[in-house]
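By convention in this document, chain letters (A, B, ...) are assigned in the order of the sequence lines, proteins followed by strands, and residues within each chain are numbered from 1.
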Amino acid sequence: MRLSRSFGKTLRQAPSDAETASHQYLVRAGFVQQVAAGIYSYLPLGWRSLTKISNIIRQEMDRAGAQEISMPVVQPRELWEQSGRADTFQPPLATLVDRRDRKMVIAPTHEETTTFMAAANLESYRDLPFNLYQIQTKFRDEARPRAGLLRVREFEMKDAYSFDRDEAGLDVSFKAMAAAYHRIFSRAGIDVRMVEADSGPIGGKDSNEFVLLAESGEDTIFVCSDENCGYAANAEKAEFKKPVADAEEQGELAEFHTPGIKTIEALAGFLEVPVSKTVKAVFYAPETSSGGEIIFVSIRGDLEVNETKLRNAMGGAQPRLATREEVEAAGLVAGSASAIGLDAVGGPRSRASITSIVDDSVVNSPNLVAGANRADYHLKNGNYGRDFTADIVVDIAMARAGDPCPGNCDGHLVEHRGVEVGHIFKLGTGYSEAMGATFIDEDGTEKYPIMGCYGIGIGRLLAATVEANHDERGMVLPRAIAPYEVYLAGLNTNDDTVVAAAEKFYDELTAAGVEVLFDDREEPPGVKFNDADLIGLPLRVVVSARGLRNGEIEMKRRDADEATMAPLSEGVNAVKAALEG
RNA sequence: CGGGGAGUGGCGCAGCUUGGUAGCGCGCUUCGUUCGGGACGAAGAGGUCCCGGGUUCAAAUCCCGGCUCCCCGACCA
């Protein structure tokens with residue numbers, strides 16, 4: 001391709017509203033153009049990259065046994081009413097009304113449509129398993145799109161849906177997809193890690209995210225410092241070994257005066273005990289609660305509540321912090337509250353509907369300092385089981401950098417920022433039940449297929465790649481997803497000999513199957529070098545008067561500091577070798 | 001949804017306080033010179049100043065209403 005004919009121009013300055021590196025470079029290099037908030041057009045260079053990513057994905061999905069299909073973007077709202085997600089999906093469904101006043105939605109994902117289609121084509125266990133995928137546009141009306149392509153409203157997504165006869169089958173499908181994902185990201189030339197993730201209110205039991213490490217990412221992930229361990233998890237999901245307190249005799253529960261002490265730090269300091277010897281209370285309420293309901297969370301003083309884990313402990317209901325009014329109405333004394341005495345006559349349980357959730361750290365720690373449920377008083381030697389119990393005991397603690405890895409190793413958790421570029425879920429039978437997809441099993445009984453779903457955000461993957469691969473001059477694109485392999489610049493456009501040599505070499509490279517972007521513009525060298533760096537193709541090749549004096553061309557990999565020379569007569573092979581580099 | 005900021009040729013900005021000719025850099029066109037890290041000279045083209053209303057002899061500028069975009073937070077199969 002001749003750069004002079006390629007639609008789209010490079011910009012010397014980034015638009016003022018672009019802040020992240022990928023946003024600035026993708027716009028400046030003419031890969032994408034914004035149309036509205038979170039809505040972009042892809043220009044030829046950007047679309048070529050996106051197509052390369054898509055093709056890698058296609059090959060690996062096909063290899064893994066999935067079959068490509070295409071489902072509609074606009075679909076009847078009834079499908080969503082059937083699954084029960086019409087009014088609960090977040091962000092809210094984008095809807096429109098057709099000419100017959102039928103409500104339609106612009107699909108944000110395709111579980112419903114896939115399962116609807118499966119229902120019509122699935123009859124026997126002999127039809128299973130199958131895995132269907134598509135690469136297609138999604139629309140999610142996000143409240144706040146941001147950072148160029150990193151978080152958009154309309155985007156290209158590869159979404160796959162597996163249907164299996166039983167759990168064992170799902171495990172096979174799930175593992176096959178995980179393996180395919182690893183191959184996809186590896187082939188794309190980017191370092192993506194699979195981490196354990198929360199599946200959210202929708203998902204089933206297992207869920208893994210694929211995260212590209214980059215400082216500008218929105219997600220926090222923890223990775224074990226021990227490389228042999230391999231533990232990695234999203235912060236929402238991450239677990240850690242909680243230090244086990246030394247065994248000690250249970251002391252006698254005793255109340256004591258703590259004037260003006262409101263915080264755990266102050267309490268620990270006042271008593272000269274470590275914060276890990278205290279238990280703190282945090283009050284939540286179901287998000288939809290209008291009062292009278294308290295989720296009473298007890299967790300050791302040195303730990304913080306992980307609200308995602310809390311939500312899961314609550315069966316998927318989103319918690320919110322309780323208001324001061326709700327806390328007071330329940331007779332809880334902020335700063336001196338504890339689960340000890342919740343059931344006292346006239347106590348909190350008699351005034352509000354209270355669910356007591358205790359982090360397992362509390363259960364394993366003897367003789368804790370806890371609130372006395374009256375202002376300025378606390379209790380010594382609180383012991384779970386003897387002095388208080390809980391409705392639910394579970395891990396609801398937020399992992400932190402440096403915490404011991406939960407794996408069978410001596411490592412600790414290291415914190416990273418990352419961009420979620422893929423996510424795979426074990427869904428179970430929720431959708432097949434809702435959409436009425438069934439099959440007759442070998443024993444003659446009717447059963448629901450067990451589903452999994454598997455997504456990759458393609459545009460986000462491109463943006464994340466740029467976030468992880470750029471310098472101060474521009475992008476440094478991996479060969480597999482760069483729009484072209486070689487940036488060929490003919491310098492000295494006033495010299496017919498050079499122009500002719502560049503043209504000829506362009507033809508030779510193209511004939512040899514090398515993907516070349518030929519900068520044939522009449523621009524000074526500096527402009528060409530700068531655009532080459534900005535666009536970030538893997539290899540820059542220069543044909544110039546200076547080089548031709550020795551019958552040579554110059555090659556410089558984008559990821560290298562130094563250029564090398566090669567005889568023009570051996571140019572094609574030299575370029576191929578340099579690309580393999 | 002809460003908080004903050006911004007809308008003036010393709011891009012980056014000034015002008016607005018104190019109303020009166022719309023300006024600068026880059027880019028673009030033509031001609032000439034130049035040719036290894038964003039060249040130089042000369043001559044040009046290009047703007048509903050986000051939209052609507054109001055005040056005024058006169059509005060980019062003042063007032064009112066709205067829209068859009070960006071950032072932080074909340075939210076986020």
**Student:** Could a donor-acceptor pair under 3.5 angstrom be found where the side chain of A:D533 meets the base of B:G37?
**Tutor:**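 When only heavy-atom distances are counted, A:D533 does reach the base of B:G37 through a donor-acceptor pair under 3.5 Å.
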
**Student:** Under 3.5 Å, is there an N or O donor on one side and an acceptor on the other linking the side chain of A:R28 and the base of B:G38?
**Tutor:**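 Yes, the side chain and the base share a sub-3.5 Å donor-acceptor pair.
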
**Student:** Does the B:G12 base have a donor-acceptor partner in the side chain of A:S16 within less than 3.5 Å?
**Tutor:**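 Looking at the base of B:G12, it does not pair with any donor or acceptor on the side chain of A:S16 (distance under 3.5 Å).
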
**Student:** Out of B:A39, B:C35, B:C11, which has the shortest distance to the side chain of A:N492?
**Tutor:**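 Minimum distance to the A:N492 side chain belongs to B:C35.
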
**Student:** Any idea how A:W47 and A:Y42 line up, ring-wise: parallel (<30°), tilted (30 to 60°), or perpendicular (>60°)?
**Tutor:**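 A:W47 and A:Y42: perpendicular rings.
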
**Student:** What is the distance from CD of A:Q90 to C1' of B:C75, rounded to the nearest Å?
**Tutor:**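 Distance check: A:Q90 CD to B:C75 C1' gives 8 Å.
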
**Student:** Would A:H423 and A:Y454 count as a close aromatic pair, with their ring centres under 6.0 Å?
**Tutor:**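 So the answer is no for these two rings.
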
**Student:** From the list B:G37, B:G36, B:C71, which nucleotide is the closest neighbour of the side chain of A:R146?
**Tutor:**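 Nucleotide nearest to A:R146's side chain: B:C71.
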
**Student:** Quick one: sort the A:F210 and A:F185 rings into parallel, tilted or perpendicular, breaks at 30° and 60°.
**Tutor:**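 It falls in the tilted class, 30° to 60°.
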
**Student:** Which nucleotide sits closest to the side chain of A:R473: B:C35, B:G38, B:G37?
**Tutor:**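 The answer is B:G37, which lies nearest to the side chain.
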
**Student:** Taking the side chain of A:A37 as heavy atoms from C-beta outward, which of B:C70, B:G36, B:A74 is closest to it?
**Tutor:**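 Selected nucleotide: B:C70.
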
**Student:** Mark yes or no for a side-chain to base donor-acceptor pair under 3.5 Å between A:Q13 and B:G10, with no hydrogen or angle criteria applied.
**Tutor:**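 A donor-acceptor contact between them is absent.
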
**Student:** Provide, to the nearest angstrom, the distance between the CZ atom belonging to A:R521 and the P atom belonging to B:A39.
**Tutor:**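 In whole Å, B:A39 P lies 12 Å from A:R521 CZ.
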
**Student:** Between the base of B:G36 and the side chain of A:E554, is there a donor-acceptor distance below 3.5 Å?
**Tutor:**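 Yes, the side chain and the base share a sub-3.5 Å donor-acceptor pair.
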
**Student:** I need the CD-C1' distance between A:E522 and B:G32, as an integer number of Å.
**Tutor:**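 Answer to the nearest Å: 14 Å.
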
**Student:** Rounded to whole angstrom units, what separation is found between the CZ atom of A:R140 and the P atom of B:C75?
**Tutor:**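 Distance, rounded to whole Å: 18 Å.
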
**Student:** How long is the line joining CG of A:L43 and C1' of B:G10, in whole Å?
**Tutor:**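 Nearest whole value for this atom pair: 13 Å.
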
